[in-house]
Number of protein chains: 2
Amino acid sequence: MRSAVTMAEVAARAGVSVSTVSHVVNETRHVNAETRERVLKVIKETGYLPNRVASSLVTSETHLIGIVMSALTNRFFVPVVAAIDRAGRRRGYSSVLADSRDRVASEAEAVSMLLSRRVDGLVLAPSGGDRRAVLDKLVEEQVPTVLIDRFVDERFDQVGVENIESMAALVEHLAALGHSRIALVSGLRSIPTTAERIAGYELGLKRAGLPLDRRLVVSGRSAADPAESALTKLLRCKDAPTAVVSGNNYMTIGVLRALQKRSMRVPDDIAVVAYDDLEFADVFEPRLTVVAQPVAQIATKAVELLIRRMASKENTSSPSCIRFPGVFVHRESCGCALRDASLSPSAAVGAKRGGLRSHSVVPAV
Amino acid sequence: MRSAVTMAEVAARAGVSVSTVSHVVNETRHVNAETRERVLKVIKETGYLPNRVASSLVTSETHLIGIVMSALTNRFFVPVVAAIDRAGRRRGYSSVLADSRDRVASEAEAVSMLLSRRVDGLVLAPSGGDRRAVLDKLVEEQVPTVLIDRFVDERFDQVGVENIESMAALVEHLAALGHSRIALVSGLRSIPTTAERIAGYELGLKRAGLPLDRRLVVSGRSAADPAESALTKLLRCKDAPTAVVSGNNYMTIGVLRALQKRSMRVPDDIAVVAYDDLEFADVFEPRLTVVAQPVAQIATKAVELLIRRMASKENTSSPSCIRFPGVFVHRESCGCALRDASLSPSAAVGAKRGGLRSHSVVPAV
DNA sequence: ATGAAAGCGCTAACAT
DNA sequence: ATGTTAGCGCTTTCAT
């Protein structure tokens with residue numbers, strides 16, 4: 001295995017003390033140009049790489065940020081890593097990962113592991129269920145932590161997307177196109193965002209002066225397959241909806257499959273709009289009108305808040321709670337082009353209300 | 001900040017020595033049931049969490065695996081993290097990330113950072129360009145390392161996909177359907193896999209007894225936009241191809257866009273097959289026939305090799321070089337259904353040659 | 001401008 | 001069965 005050169009060896013070869021080597025490496029006090037050059041030369045010759053675990057032990061700073069997520073499926077995973085990497089270029093942070101598997105037990109385990117690695121801070125996408133114990137521990141230990149995606153505890157900085165206005169805008173948009181029977185394929189009841197999105201759906205109906213028909217709200221359980229069967233079932237009823245809103249990206253897949261299998265054309269037979277953009281949304285036929293989460297922005301802000309909190313010795317400032325507006329991406333699946341090409345998306349309404357930004361994509365030729 | 005209980009404090013409160021505490025924590029030597037219970041009780045009361053940076057300093061094992069990738073775009077990123085996490089559940093490994101941004105300079109920087117964090121091993125997706133310096137350092141320092149995706153240096157364990165037979169099978173499949181003018185949208189010349197896939201394309205033509213027309217091989221530079229324009233340009237020529245093979249997932253997006261913008265229908269106007277599966281390939285219309293990389297399998301094997309190498313003190317065993325066969329996923333974009341529903345995909349040929357596994361997806365209703 | 005030395009929190013001989 | 005103690009490779013006072 002590696003035998004790694006130590007600082008002591010460098011010191012010996014350069015004929016100086018370890019403290020001098022330490023100071024040239026960290027540029028932490030003045031060293032004669034000549035001595036410094038000598039040390040630097042030895043460092044280069046020997047390929048000396050400072051041992052960060054040793055320095056971490058002394059300084060009790062690892063410059064490690066722990067990321068806890070239902071990792072492999074979580075849309076914030078990659079953007080968060082990216083944001084940390086970007087910040088890290090300058091400040092020396094790196095990320096360590098832990099998959100919570102969206103279960104409280106694993107989440108606790110993951111957090112413990114990260115704490116035992118003495119990470120400087122944590123970005124956590126809270127799992128469903130009762131996570132109180134885990135979060136209490138973090139508060140008690142005063143570990144700088146920012147919650148992302150789901151808003152579950154005001155003792156922490158939290159960053160995520162604004163759900164209510166975004167969802168309302170989607171519904172209002174469909175209503176403006178003349179739809180009155182608008183279905184919602186919603187997510188798991190245990191997820192806080194689900195309730196918000198349902199509230200947004202109801203708000204949208206209300207604003208459009210449309211009655212709420214509970215039968216049009218079906219649970220897709222946040223995943224493709226349940227969404228597919230829920231919608232399929234709904235479409236078999238009489239008084240079937242003429243438009244459907246999907247509650248997240250996975251369920252959108254299910255929605256599209258359901259329609260495909262019934263040979264229903266979008267938007268002619270049924271209009272479709274969705275919460276969350278899909279990576280390849282541009283090449284679907286027809287291209288989907290969605291409200292996208294500004295994931296990169298959210299991730300960047302989360303890391304920014306975290307770094308700020310890690311930097312301040314006084315952990316005094318009260319927690320921020322930041323909700324970025326959803327981004328209305330207007331494409332064709334809503335059926336605007338069919339009805340009235342000049343109709344401006346009702347997204348503008350939401351934009352005025354500050355819950356949404358509008359972003360009209362130029363239709364492909 | 002955290003004031004973290006130390007082992008010494010636990011020892012004091014339990015009325016034992018630190019070594020006893022250490023041994024109950026690590027289960028590394030026998031401790032009287034009674035004493036152990038007492039220690040465990042104190043640990044629970046105080047919320048003591050062993051300091052892994054301290055123990056790492058002593059044992060010179062961090063149980064950290066460094067992942068170096070052109071991170072955010074790399075398809076192995078998530079599977080590798082997942083595989084490490086899975087292995088980690090049992091053996092205590094976690095992953096630290098470093099984005100190489102696909103540039104040699106950043107790659108070197110990333111590797112240095114990870115080495116200075118004293119990771120136990122490295123999973124590295126080599127960037128393009130001259131990476132010799134970085135790899136030399138790894139050999140010299142004897143850092144357990146496995147290369148993934150691209151085969152560039154025999155001094156390391158390497159895991160990836162078999163490109164030549166996979167690509168050949170795609171071409172042969174199209175040829176078997178009667179196509180004689182088959183285009184290839186290939187990737188960046190600097191990437192080793194590009195050459196292999198071109199070789200596979202040529203092999204496929206040869207086996208099918210088709211002439212090679214160099215004009216049908218255009219460079220999509222491994223990305224969507226260049227692929228789109230390259231194909232668009234090609235389609236404007238006379239003697240345009242009747243079928244096209246996309247060289248990777250990103251370029252597939254470009255290919256589809258190009259066809260869409262020209263209102264060409266797949267597979268009626270032109271047949272399309274692609275290297276790499278897309279996450280949402282099932283909901284594209286028509287669904288794409290592809291050769292998928294068994295990414296999870298590759299990642300798992302990479303981590304397995306790495307852990308094995310980290311475990312053996314003697315770094316003696318010669319490096320493995322493992323190429324998993326691509327997985328032929330037969331869907332509709334190749335146009336089989338149009339020609340002859342009973343035609344078996346020529347994939348079987350490739351399968352016999354051992355470069356490919358076939359996996360016929362049941363068509364959606 | 002540089003050095004000596006005391007830890008950081010743990011592990012692992014080596015005692016007893 | 002348990003305790004003592006010498007480090008692991010650094011940072012950082014405190015001297016000089």
Side-chain angles (χ1 to χ4, degrees), chain A residues 1-40 42-43 46-64 92 113 115-120 141, chain B residues 1-40 42-43 46-64 92 113 115-120 141:
Chain A
M1 287 290 267
R2 259 163 306 160
S3 50
V5 185
T6 70
M7 194 173 257
E9 283 165 50
V10 172
R13 293 182 56 148
V16 296
S17 72
V18 284
S19 70
T20 294
V21 176
S22 172
H23 285 120
V24 341
V25 167
N26 303 311
E27 300 180 319
T28 175
R29 89 176 172 194
H30 185 78
V31 175
N32 254 359
E34 190 192 337
T35 341
R36 190 178 51 240
E37 290 315 316
R38 194 150 27 99
V39 172
L40 254 19
V42 174
I43 287 178
T46 54
Y48 169 71
L49 263 184
N51 184 330
R52 294 258 244 144
V53 0
S55 68
S56 289
L57 183 57
V58 179
T59 61
S60 46
E61 283 189 354
T62 54
H63 284 259
L64 241 26
M113 179 238 106
L115 292 187
S116 106
R117 289 196 184 282
R118 296 299 189 266
V119 295
D120 290 349
E141 303 258 356
Chain B
M1 286 292 266
R2 259 163 307 162
S3 50
V5 185
T6 69
M7 194 174 258
E9 284 165 50
V10 173
R13 295 183 53 149
V16 297
S17 72
V18 286
S19 71
T20 296
V21 177
S22 172
H23 285 121
V24 341
V25 168
N26 302 311
E27 301 181 316
T28 173
R29 86 174 174 197
H30 185 78
V31 176
N32 254 358
E34 190 192 338
T35 341
R36 189 177 51 239
E37 290 315 317
R38 194 150 25 100
V39 171
L40 254 18
V42 174
I43 286 178
T46 55
Y48 168 73
L49 264 184
N51 185 330
R52 292 259 243 146
V53 0
S55 68
S56 289
L57 183 56
V58 179
T59 61
S60 46
E61 283 189 353
T62 55
H63 284 260
L64 240 26
M113 179 238 106
L115 292 187
S116 106
R117 289 196 183 282
R118 296 299 188 266
V119 296
D120 290 348
E141 303 259 356

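Proteins get letters first, then strands, A, B, ... in listed order; numbering begins at 1 in each. Note: hydrogens, waters and symmetry copies are ignored here, and every other heavy atom, side chains too, is used.
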To the nearest Å, how far apart are [X] [atom1] and [N] [atom2]?
{"X": "Leu115(B)", "N": "dG9(D)", "atom1": "CG", "atom2": "C1'", "answer": "16 Å"}
{"X": "Leu57(B)", "N": "dC10(D)", "atom1": "CG", "atom2": "C1'", "answer": "8 Å"}
{"X": "Arg117(A)", "N": "dG9(C)", "atom1": "CZ", "atom2": "P", "answer": "18 Å"}
{"X": "Glu61(A)", "N": "dT12(D)", "atom1": "CD", "atom2": "C1'", "answer": "14 Å"}

Please list, chain by chain and in numerical order, all residues satisfying ring pair (Phe, Tyr, Trp, His ring centres under 6.0 Å) with His63(A), sequence neighbours excluded.
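Counting only residues at least two positions away or on another chain, His63(A) forms a ring pair (Phe, Tyr, Trp, His ring centres under 6.0 Å) with Tyr93(A).
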
For the helix from dA1(C)-dT16(D) to dT16(C)-dA1(D), what angle separates the axis at the start from the axis at the finish, each from five pairs, in steps of 10°?
40°

Does the side chain of Thr20(B) get closer than 4.0 angstrom to OP1 or OP2 of dG3(D) through an N or O atom?
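Yes, such a contact exists.
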
Does [X] reach a base, just sugar-phosphate, or nothing at all? Heavy atoms under 4.0 Å.
{"X": "Val31(B)", "answer": "sugar-phosphate"}
{"X": "Ser56(A)", "answer": "nothing"}
{"X": "Val16(B)", "answer": "sugar-phosphate"}

With sequence neighbours left out, what residues match Ser17(B) under side-chain contact (heavy atoms from CB on, under 4.5 Å)?
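Partners of Ser17(B) under the side-chain contact (heavy atoms from CB on, under 4.5 Å) test: Ser19(B), Thr20(B).
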
Taking only residues two or more places apart in sequence, or in another chain, which ones meet Ala8(B) in a side-chain contact (heavy atoms from CB on, under 4.5 Å)?
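side-chain contact (heavy atoms from CB on, under 4.5 Å) check on Ala8(B) returns Thr6(B), Val18(B).
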
Expected string for nucleotides 10-16 of chain C under the B/S/- scheme (protein heavy atoms, under 4.0 Å, primed atoms plus P, OP1, OP2 as sugar-phosphate) is BSB-B--

Between Arg118(A) (side chain only) and Leu115(A) (backbone N and O only), is there a donor and an acceptor less than 3.5 Å apart?
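Pair found, side chain donor or acceptor close to backbone of Leu115(A).
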
Not counting sequence neighbours, which residues clear side chain to side chain donor-acceptor pair (under 3.5 Å) with Ser22(B)? List them please.
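For Ser22(B) the side chain to side chain donor-acceptor pair (under 3.5 Å) partners, ignoring immediate neighbours, are Asn26(B).
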
By side chain to side chain donor-acceptor pair (under 3.5 Å), which residues pair with Ser56(A), not counting sequence neighbours?
none

Could you list the residues that satisfy salt bridge (charged side-chain N to carboxylate O under 4.0 Å, His left out) with Arg38(A), not counting sequence neighbours?
none

In chain order, what residues pass the salt bridge (charged side-chain N to carboxylate O under 4.0 Å, His left out) check against Arg36(B), with sequence neighbours excluded?
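None.
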
Evaluate the criterion side chain to side chain contact (heavy atoms under 4.5 Å, CB included) for residue pair Leu64(B) and Arg117(A); output intermediate values, then yes/no.
CA-CA 10 Å; Leu64(B) 240 26; Arg117(A) 289 196 184 282; 3.3 Å; yes

